[in-house]
A.B. asks: 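What follows is a single structure, and I will ask about it in a moment.
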Amino acid sequence: MELLKVFLVGGAICAIVQIFMEKTKLMPGRIMVMLVCLGSLLGAIGLYKPFNEWAKAGASVPLIGFGNTLYEGVKESVDKEGFIGLFKGGLTNSAVGISAALIFGYIASLIFNPKVKN
């Protein structure tokens, strides 16, 4: 039952994003930035944590989860180090995910030989 809930929540987030992409003139990059900002905002007002505990990976895997990870990193770093934490907390907290995306993207480019579209 847990897997079904995760699938439905993650699928609902993806469906909402797809509707935004189809029905608005917003570019995909802007929609992605909105999702990251939404995750940060939900974390800041205290709604993301209960949502994530309920939805598990359905909430933490999409970009909303990445936004919350950035927010949590900045919050922790500002509490420990003050103003400088604004600049390093988010990247410190999400370094593993960012590194994995870069490494696996590079490996995929070696395997599939991408070409630039004209």
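Just so you know, these numbers use all the heavy atoms, side chains as well, and skip hydrogens, waters and symmetry mates.
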A.B. asks: Which distance, rounded to the nearest 0.5 Å, do you find between the NZ of K88 and the CD1 of I84?
C.D. replies: 7.0 Å
A.B. asks: Would you say NZ of K5 has more than 12 non-hydrogen atoms from neighbouring residues, nucleotides or ligands within 6.0 angstrom?
C.D. replies: yes
A.B. asks: Could you tell me which non-hydrogen atom of Y48 sits nearest to which non-hydrogen atom of S60, and how far apart they are?
C.D. replies: OH-CA, 3.2 Å
A.B. asks: Heavy-atom count check: over 12 atoms from other residues, nucleotides or ligands less than 6.0 Å from L110 CG?
C.D. replies: yes
A.B. asks: Spell out, as yes or no, whether a donor-acceptor pair under 3.5 Å connects the side chain of Y106 to the backbone of A101.
C.D. replies: no
A.B. asks: Would the number of heavy atoms belonging to other residues, nucleotides or ligands and lying under 6.0 Å from CZ of F51 be above 12?
C.D. replies: yes
A.B. asks: Backbone N or O of G67 within a donor-acceptor pair of the S40 side chain at under 3.5 Å?
C.D. replies: yes
A.B. asks: Is it the case that one hydrophobic cluster holds both L102 and L63, taking links as side-chain heavy atoms less than 4.5 Å apart, direct or via other members?
C.D. replies: yes
A.B. asks: Who clusters with F112? Use side-chain heavy atoms, under 4.5 angstrom, across I, L, V, M, F, W and Y, and order the result by chain and number.
C.D. replies: I103, F104, I107, I111
A.B. asks: Please confirm whether the backbone N or O of A59 pairs with a side-chain atom of N52, one donor and one acceptor, at under 3.5 Å?
C.D. replies: no
A.B. asks: Given 3.5 Å as the limit, does a donor-acceptor pair link the side chain of S77 with the main chain of G73, or not?
C.D. replies: no
A.B. asks: Does the pair M21 and I31 meet the rule for a side chain to side chain contact (heavy atoms under 4.5 Å, CB included), with working shown?
C.D. replies: CA-CA 8 Å; M21 290 175 65; I31 294 171; 3.4 Å; yes
A.B. asks: Checking V78 against L86 for the side chain to side chain contact (heavy atoms under 4.5 Å, CB included) test, could you report, in this order, the C-alpha distance in whole Å, the side-chain angles of both residues, the deciding distance, and whether it holds?
C.D. replies: CA-CA 6 Å; V78 167; L86 284 173; 4.0 Å; yes
A.B. asks: Could you give the distance from CD1 (I13) to CG (L8), rounded to the nearest 0.5 Å?
C.D. replies: 11.5 Å
A.B. asks: First locate atom CE of M34, then atom CZ of F20, and finally report the distance between them rounded to the nearest 0.5 Å.
C.D. replies: 5.0 Å
